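See below for the structure under consideration.
Here the structure is a predicted model, which is why all the values come from computation and not from measurement. Proteins come first, then strands; the chains are lettered A, B, ... in the order of their sequence lines, and each starts at number 1. Atoms considered below: every heavy atom in the structure, side chains included; atoms not considered: hydrogens, waters and symmetry mates.
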Number of protein chains: 2
Amino acid sequence: MEPRFVTAADVARRAGVSRSAVSRAFTPGASVAPETRARVLEAAEALGYRVNRLARTLHRDRSDLVGIIGANLGNPYISAQFDALSAALQAEGLQTLLVNLRPDPRPGAEAPDLGRAVERLLEYRVRTVVLLSGAAPDELVRLCAANGVRMVLINRPAPAAGALADVIDSDAAGGGRLAARRLIAAGCRQLAVVLSESRTSAKLARADAFCAEAARAGLTVRRWTQGPNSYETGVAAARSLLAEGDPARIDGIFGVTDEIALGAMNTARHELGLAVPERLSVIGFDDAPISGWSSHRLTTVRQSLRALTAATLEAILSPADAAVSHRAIAVDLVERGSVAPARGPAPT
Amino acid sequence: MEPRFVTAADVARRAGVSRSAVSRAFTPGASVAPETRARVLEAAEALGYRVNRLARTLHRDRSDLVGIIGANLGNPYISAQFDALSAALQAEGLQTLLVNLRPDPRPGAEAPDLGRAVERLLEYRVRTVVLLSGAAPDELVRLCAANGVRMVLINRPAPAAGALADVIDSDAAGGGRLAARRLIAAGCRQLAVVLSESRTSAKLARADAFCAEAARAGLTVRRWTQGPNSYETGVAAARSLLAEGDPARIDGIFGVTDEIALGAMNTARHELGLAVPERLSVIGFDDAPISGWSSHRLTTVRQSLRALTAATLEAILSPADAAVSHRAIAVDLVERGSVAPARGPAPT
DNA sequence: CTGTTAGCGCATTCAG
DNA sequence: CTGAATGCGCTAACAG
């Protein structure tokens, strides 16, 4: 005898009421006599009944499923972001349906693409699609909109104007400027910025603002771009930038993510024997949890996870017909041990 | 005009066929004339139709939703585990529905409990529940079984015999022994094991086996237990165990997770000024990605993520009436820089 | 307040 | 191979 899920009809039979009564007993604000509801609940309890949310969504206009698309879920900052977001959703009675964009390591497997991911989520009739990774082509945003599904883009390039997507962005430019000013104040003269080959504009914007601010101070920045957003990228950058002799004598590095910055900093310290921050100053971006660990103490531009999560939640909960919103998340600098003390007053 | 999802009826109308034909066109192996199917697919394409998986599950006996229950998703190893698992599920056409057990930080919020989490997943009619965190009381396992849902327990205490749950376990005891032997071979005589106050038996088993193996060599082990599984716990342990004077002169520490071990190691190195591995050797457990970073180089007991994921997938895909299985994952020691070289031959 | 009826979107009988 | 009919589990509009 196969065990089955109990249905409302089973409960109705046992409680001696109609199926509608059962349904109402489980619908907040429905008009049911207290005693009927009690009888129903008792029967449900005894039978082990619980509402089938999948069937329920056939009637409501929106499901309580929120699709989250992410890659790189092992990344220290992304995982923290995902953790916070899924917890927040749950507290609001929404459920997280994940699409992982991580490439399948098996031979012959095709690379997962964003289009298919969105497709998948639409098949589940999610109420919203949240993008943590990748860039959303306008066409995908329109596809979602055509199905009444809003997209929320977190630190992703904004789609064409008028497209139905909420965007939540940390102040990448402000953060880049902050980093540049701080390194300059520390007396660094030979700056470098390390970034991954990602196609998303957030990291580019961080780097660009950094360079622009340095230029204002009359400094040119060595731009090092290669590979994915990973620790290894930072390692490779440090090896290449600070290699033997280091003719340019780079003395300040801005990594566009903490992972990259940590890779660069640690390689400088432990492999190349350069003192941080005495010989080299390093700044990251994100303030991932590990950056505060005692072995790292990375000075970094913090994007508040709480603010980011709150803004995301707000966007998700906003009424379906609300206008598209653009929320900026302020950033600030967390001073730890990877940058030399400022000399004199900070530049404007 | 509200945008709506396109239904099979819409497609049928446009293609000039019945709804059933549409359904069949999207059902692999159904009997449809090639030209009808083509007409249907064309109409579907034009209209932007996609099957509603939620409605589809009303008919099938099992959904393609797999519920994953986890806390601590920011944790380096757990997040890697979750990442790998969700990617693997997806490659099999299954989708990940997450329940995050992370405590809600808002004041007055109630702590999320496992019972409610399982309840939630049953409401979504998941095909399987995978437990990455917490311990499953027998009663919950039975609850799932009563609804035809299998549970898969990863590094969790096994439920009562006969309960319908597959368990996947790394060889905790073997790992603990490995760690003890290696530290002893390095010449450590004053050992300590650091563990969190988790109620799950996996970490306890690691610690117990470590102690037992040390006892075989005539050594007693200082057992330090406190707080959650986190970096901070390792930090606190190091401060307490290695405090001024360190009368016992602890020279070998086994952290039951990499996070704890890293906290202890880094605190010893950078805060207490103890040389690792010359003065103190440290071993962790998990082989989380960060443990290999150049600033850490933590020697650790590795539980293969690939093997773990493969075993989990196998359990999930096994037929509903298959017997309960228990899969053990082998572990091995990854030698990096946190343990002094072995003196002489390794003990048996 | 209640039961009856009619869908929600889909898959699967059953005749033809 | 096809369409009509039925049911999956639930909610909502309708009379009573």
Quick one: which of [options] gets closest to the side chain of [X]?
X     : options                : answer
B:L58 : D:dC8, C:dT12, C:dC8   : D:dC8
B:H59 : D:dA4, C:dC8, C:dC10   : C:dC10
A:A55 : D:dG9, C:dG3, C:dT12   : D:dG9
A:S18 : C:dG3, C:dA11, D:dC1   : C:dG3
B:A8  : D:dA13, C:dC10, C:dT12 : C:dC10

Quickly work out the [X] [atom1] to [N] [atom2] distance and round it to whole Å.
X     : N      : atom1 : atom2 : result
A:R50 : D:dC10 : CZ    : C1'   : 16 Å
B:F5  : C:dC10 : CZ    : P     : 11 Å
B:R39 : D:dC1  : CZ    : C1'   : 13 Å
B:R56 : C:dA11 : CZ    : C1'   : 9 Å
B:R60 : C:dT12 : CZ    : P     : 8 Å
A:D10 : D:dG9  : CG    : C1'   : 10 Å
A:R53 : D:dC10 : CZ    : C1'   : 13 Å
A:L54 : C:dC10 : CG    : P     : 13 Å

Donor-acceptor pair between [X] and [Y] side chains, under 3.5 angstrom:
X      : Y      : answer
A:N229 : A:N72  : no
A:Y124 : B:D64  : yes
A:R306 : A:S304 : no

Taking the nucleotide of DNA chain D with the nearest heavy atom to each, does A:A9 or B:G16 sit closer to the 5' end?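 Closer to the 5' end of DNA chain D: B:G16.
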Between B:R125 and B:P34, which has a closest nucleotide on DNA chain D that is more 5'? B:P34
Nearest nucleotide by nearest heavy atom, which residue falls closer to the 5' end of DNA chain C, A:T36 or A:R19?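 By nearest-heavy-atom nucleotide position, the 5'-most residue is A:T36.
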Side-chain N or O of [X] closer than 4.0 Å to phosphate OP1/OP2 of [N]:
X     : N      : result
B:Y49 : C:dC10 : yes
A:T57 : D:dC10 : no
A:T7  : D:dC8  : no

Contact check, side chains of B:L97 and A:L65, non-hydrogen atoms, under 4.5 Å: yes
Side-chain contact test, heavy atoms from C-beta onward, threshold under 4.5 Å: evaluate it for A:L132 versus A:F82 and give yes or no. yes
Tell me whether the centres of the aromatic rings in A:Y49 and A:F26 are closer together than 6.0 Å. yes
Would you say the side chain of B:S20 and the base of C:dA11 hold a donor-acceptor pair, judged only by whether the two atoms sit under 3.5 Å apart?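 No such pair is found, so the answer is no.
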Check every strand shown and say whether A:V32 touches a base, only sugar-phosphate, or nothing at a heavy-atom separation below 4.0 Å. sugar-phosphate
